[in-house]
Amino acid sequence: MSSDVILRTERLGKRFRRRWAVRALNLEVPRGEVFGFLGPNGAGKSTTIRMLLSLVKPSEGRIELFGKELYSHRKDVLSRVGGLVESADFYQYLTARKNLDMIASLGGGLTRRAIDEVLNLVGLFPRAEDKVKTYSHGMKQRLGIAQALLGNPELIILDEPTTGLDPQGIKEVRELIRRLSKERAITVFLSSHLLSEIEQTATSMAIINMGELVVQGKVGALLNTGENVVKIDARPLEEARLLISKQQYVKGIKQINNTLEVNMPLDHAGELNTMLVRAGLEVYSLIPRRSLEDYFLSITDGSTDIR
Ligand SMILES: Nc1ncnc2c1ncn2[C@@H]1O[C@H](COP(=O)(O)OP(=O)(O)OP(=O)(O)O)[C@@H](O)[C@H]1O
Ligand SMILES: [Mg+2]
């Protein structure tokens, strides 16, 4: 059922006064994927997620979840979705279990076993009877994901779930997401402003910038094929250029100032380096760059929140 689309937006837009935070956004999230929603600060990720969870009303366009229009089937549709917007807020003086009990009771309540199960899933079962105030930031974030998992959702939507975590916490949350997807077949939609994070966690992705979609597709297809470039600073430059042009895997060379930009598969970068060094050239730098990575770095470098 890989062609099954679980979430679709059509020309989705949100305007705050005269400024569009999100505009003409067409997203398609296939069922079973971990879908990474990547964009720099202020790109419109949280605004989109708020619309998807029906916390903010779109100014235009439509949202379809499970093949149904969100606003006309809101209750039914949202009962199948779990969400985590910003870091979750819990009662610090209550235990994790009590917090989840209270949240579950809003939706009609869940059995102790159902709560045990989500606590187990996020690895908090052994600490379930501890007060939330004794939790680390990473544990609170996992409790936030546990909250999103109450009621057995088919889709969970997480807004930057690893923000503010240390490397160990990030690793835990990433592993949890992968596990939910693999073992539970839950579709995960998660936002991030880090390409590396999406690359490590997601199977499909979209990039949003200034409220507009830049690209979407499978992570592997977008990042590992297509226009890849190795930037080389080697001396003498002319000699390097000549040698490089003779390699059969090289598709093209451009010179920009004192750097050669070689269009080639990145897995030949090491071989190219060895060849240049063996030929007696001095290689000052050799940087493999995927075009999407370059693009993303360029929009994040210059990004500000003022528009
Ligand atoms: N309630 C609001 N009123 C006015 N403008 C808003 C509101 N919420 C968001 N915006 C604007 O919409 C744009 C997108 O914001 P959004 O929070 O969706 O970005 P983001 O991609 O989540 O950024 P970040 O990575 O910083 O979380 C920004 O210019 C922001 O100032
Ligand atoms: Mg945000």
Side-chain angles (χ1 to χ4, degrees), residues 7-29 34-63 65 70-71 78 81-89 137-138 140-145 147-148 155-167 169-170 173-174 177 188-202 204-217 219 222 292-293 295-307:
L7 163 67
R8 173 180 280 123
T9 68
E10 283 166 13
R11 298 200 60 76
L12 184 65
K14 178 68 192 177
R15 195 179 56 207
F16 293 108
R17 293 173 182 270
R18 255 175 295 155
R19 192 186 291 154
W20 287 89
V22 174
R23 189 149 214 195
L25 188 64
N26 296 318
L27 292 178
E28 250 186 30
V29 180
V34 176
F35 188 90
F37 191 44
L38 179 67
N41 290 140
K45 302 181 296 294
S46 297
T47 304
T48 302
I49 285 179
R50 287 175 177 280
M51 289 191 282
L52 298 178
L53 291 170
S54 186
L55 300 168
V56 159
K57 201 172 176 326
S59 309
E60 61 169 32
R62 64 184 252 131
I63 299 171
L65 284 157
L70 172 60
Y71 289 88
L78 290 178
V81 179
L84 176 61
V85 197
E86 325 168 87
S87 45
D89 234 350
H137 187 41
K140 283 182 195 159
Q141 209 59 358
R142 279 188 282 146
L143 186 57
I145 297 176
Q147 161 273 125
L155 168 70
I156 54 171
I157 300 179
L158 311 171
D159 194 7
E160 307 223 31
T162 59
T163 295
L165 299 182
D166 64 13
I170 291 175
V173 169
R174 275 185 195 154
I177 289 168
V188 183
F189 182 106
L190 86 153
S191 68
S192 175
H193 59 273
L194 300 172
L195 179 65
S196 59
E197 169 137 301
I198 296 300
E199 195 176 4
Q200 289 176 53
T201 323
S204 283
M205 67 184 283
I207 295 184
I208 181 176
N209 185 37
M210 311 264 276
E212 294 187 34
L213 182 73
V214 177
V215 67
Q216 75 180 317
V219 171
L222 289 176
L292 200 61
E293 188 173 355
Y295 166 78
F296 192 69
L297 287 174
S298 73
I299 60 174
T300 41
D301 280 354
S303 98
T304 54
D305 250 330
I306 34 167
R307 248 188 290 153

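Because the structure is a prediction, the values reported are computed rather than measured. Atoms within each ligand, like the ligands themselves, are counted from 1 in listed order.
- Per-residue contacts place E160 under 4.0 angstrom from the following atoms of ligand 1 (heavy atoms of the residue considered): 25 (O), 27 (O).
- Distances below 4.0 Å separate heavy atoms of S46 from the following atoms of ligand 1: 17 (O), 18 (O), 20 (P), 22 (O), 27 (O).
- With respect to R23 and E212, no salt bridge is recorded, no charged nitrogen being found less than 4.0 Å from a carboxylate O.
- Within the protein, the number of N/O/S atoms found under 2.8 Å from the Mg ion (ligand 2) is 1.
- For S191, no heavy-atom contact with ligand 1 is shorter than 4.0 Å.
- Nearest residue to atom 10 (N) of ligand 1 from W20, F37, F16 is F16 (criterion: closest heavy atom).
- For K45, heavy-atom contacts with ligand 1 shorter than 4.0 Å involve the backbone as well as the side chain.
- Considering backbone and side-chain atoms alike, R19 places every N or O at 3.5 Å or more from each N or O of ligand 1.
- Taking all atoms of both residues into account, the shortest heavy-atom contact from L78 to S54 is CD1-CB, 3.7 Å.
- Residue G44 has at least one N or O atom closer than 3.5 Å to an N or O atom of ligand 1.
- Taking any N or O of G39, backbone or side chain, none lies under 3.5 Å from an N or O belonging to ligand 1.
- Which parts of ligand 1 touch P40 is read off a 4.0 Å heavy-atom cut-off, strictly below it: atoms 21 (O).
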